[in-house]
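These notes are about the structure you will find just below.
For the numbers below, each heavy atom of this structure counts, side chains included, while hydrogens, waters and symmetry mates do not.
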Amino acid sequence: MSNVKLMTKKRFPSYKNYVQNKVKQKQAEGKDWKYLQAFEQKFIAHDTKYAFTGKQVKELLELAN
């Protein structure tokens, strides 16, 4: 079993920035909105270190817009 922790409010801004940089990198490659949404969903779902609140997931998914 892995130790999954809830993402804290203090840690979330830096994680959001990290994901945003990944999204910008994919946008620079010419990926469309649908691809970016799927990319973020996979990124969030496969994070084995942290669990996210609904509000945090919503904020992360809005980065693709």
Side-chain angles (χ1 to χ4, degrees):
M1 292 204 94
S2 63
N3 290 335
V4 178
K5 300 175 187 174
L6 188 63
M7 177 65 70
T8 62
K9 288 181 181 180
K10 185 177 180 182
R11 173 87 173 110
F12 182 69
S14 63
Y15 187 84
K16 183 178 175 182
N17 189 40
Y18 172 71
V19 174
Q20 188 173 24
N21 287 336
K22 292 285 187 186
V23 169
K24 285 181 181 178
Q25 196 174 38
K26 294 294 181 183
Q27 283 176 333
E29 294 174 6
K31 304 297 183 183
D32 65 346
W33 176 81
K34 194 172 186 177
Y35 176 89
L36 294 174
Q37 282 289 102
F39 173 75
E40 285 185 358
Q41 289 172 356
K42 289 176 194 172
F43 199 83
I44 294 167
H46 295 316
D47 192 330
T48 58
K49 197 172 184 181
Y50 295 107
F52 303 93
T53 65
K55 185 178 178 183
Q56 291 171 337
V57 170
K58 182 179 176 189
E59 284 186 46
L60 290 173
L61 290 177
E62 287 175 352
L63 295 175
N65 295 333

Practice task
Name the orientation class of the two ring planes belonging to Tyr18 and Tyr15 (parallel below 30°, tilted from 30 to 60°, perpendicular beyond 60°).
Solution key: tilted

Are any of the side-chain heavy atoms of [X] and [Y] separated by less than 4.5 Å?
| X | Y | value |
| --- | --- | --- |
| Lys55 | Lys58 | no |
| Thr53 | Phe12 | no |
| Val19 | Ile44 | no |
| Leu61 | Gln41 | yes |

Looking at [X] and [Y], what are the two nearest heavy atoms and their distance?
| X | Y | value |
| --- | --- | --- |
| Val23 | Ala64 | CG1-CA, 4.3 Å |
| Val57 | Phe52 | CG2-CB, 3.7 Å |
| Leu60 | Glu40 | O-OE1, 2.6 Å |

So, taking the atom named [atom1] in [X] and the one named [atom2] in [Y], what distance separates them when rounded to the nearest 0.5 Å?
| X | Y | atom1 | atom2 | answer |
| --- | --- | --- | --- | --- |
| Lys49 | Arg11 | NZ | CZ | 6.5 Å |
| Gln27 | Gln20 | CD | CD | 9.0 Å |
| Glu29 | Tyr35 | CD | OH | 7.0 Å |
| Gln37 | Lys42 | CD | NZ | 12.5 Å |

Problem - Under 3.5 Å: donor-acceptor pair, side chain of Gln56, backbone of Met7 - result: yes

